[in-house]
Amino acid sequence: QVHLMESGGGLAQPGGSLRLSCTVFGGHFNFYFMGWYRQVSGKEREQVATISPGGSTDYADSAKGRFSISRDNAENTAYLQMNDLKPEDTAVYYCTQDGVRWGQGTQVTVSS
């Protein structure tokens, strides 16, 4: 059974940085797209960034230039480096494998 575990969320000040990690247990990590989504209470979950098995990346407009997604296939881990954080980045961030398997989410709060 495949299990995704996120870490790295927390409180950051505007302009600050956080790095989220998502480790996948089980399955074949190398074969799948990995992605980060976020959700604000009462709103739909939205895509933030994705990365292909070969390392090609795609970003939401809100993330371009500030966030960077990466993966370490040897560690079965995907990362989301978030810089220049804004209050509107506050959300629960979810890791997904192929949009099928999901982590439990990690809260990111950006506030002074």
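Model, not experiment: these values are computed from the prediction.
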Would you kindly confirm whether [X] and [Y] end up in one hydrophobic cluster when ILVMFWY residues are joined by side chain heavy atoms under 4.5 Å apart?
X: Val110; Y: Phe67; answer: yes
X: Val92; Y: Val108; answer: no
X: Leu85; Y: Leu80; answer: yes
X: Tyr32; Y: Leu4; answer: no
X: Phe29; Y: Leu20; answer: yes

Report summary line: The reported gap from NE2 in His28 to CD in Gln97 (rounded to nearest 0.5 angstrom) is 10.5 Å
Report task. Starting at CE of Met82, measure out to OG of Ser68 and round the result to the nearest 0.5 Å. Result -> 11.5 Å
Report task. Scan Trp36, Tyr37, Tyr59 and name whichever one has a side chain to side chain donor-acceptor pair (under 3.5 Å) with Gln47. Result -> Tyr37
**Report entry** side chain to side chain donor-acceptor pair (under 3.5 Å), paired with Arg66, selected from Asn83, Asp89, Asp84
**Finding:** Asp89
Grab the two heavy atoms, one from [X] and one from [Y], that are nearest each other, plus how far apart they are.
X: Ile69; Y: Gly35; result: CD1-CA, 4.4 Å
X: Ala91; Y: Arg38; result: CB-CB, 3.8 Å
X: Leu18; Y: Gly8; result: CD2-O, 4.0 Å
X: Met34; Y: Cys22; result: CE-SG, 4.0 Å
X: Met5; Y: Gln104; result: CA-OE1, 4.1 Å

Query raised in the report: More than 12 non-hydrogen atoms from neighbouring residues, nucleotides or ligands closer than 6.0 Å to CD on Glu44, yes or no?
Result: no
Query raised in the report: Got a sec, which residues hit salt bridge (charged side-chain N to carboxylate O under 4.0 Å, His left out) with Arg19, two or more places apart in sequence or on another chain?
Result: none
Query raised in the report: Can you name the salt bridge (charged side-chain N to carboxylate O under 4.0 Å, His left out) partners of Glu75, sequence neighbours left out?
Result: none
Query raised in the report: Can you list the residues that meet the side-chain contact (heavy atoms from CB on, under 4.5 Å) rule with Phe33, with sequence neighbours excluded?
Result: Ser52, Pro53, Asp98
Are any non-hydrogen side-chain atoms of [X] and [Y] less than 4.5 angstrom apart?
X: Thr23; Y: Glu6; answer: no
X: Pro14; Y: Glu88; answer: no
X: Gln81; Y: Ser17; answer: yes
X: Leu11; Y: Ser111; answer: yes

**Report entry** Full working for side chain to side chain contact (heavy atoms under 4.5 Å, CB included) between Gln107 and Thr90
**Finding:** CA-CA 8 Å; Gln107 176 71 45; Thr90 296; 4.0 Å; yes
Query raised in the report: If you draw the axis of the six-membered ring of Tyr79, does the NZ or CZ of Arg71 fall within 45° of it and under 6.0 Å from the ring centre?
Result: no
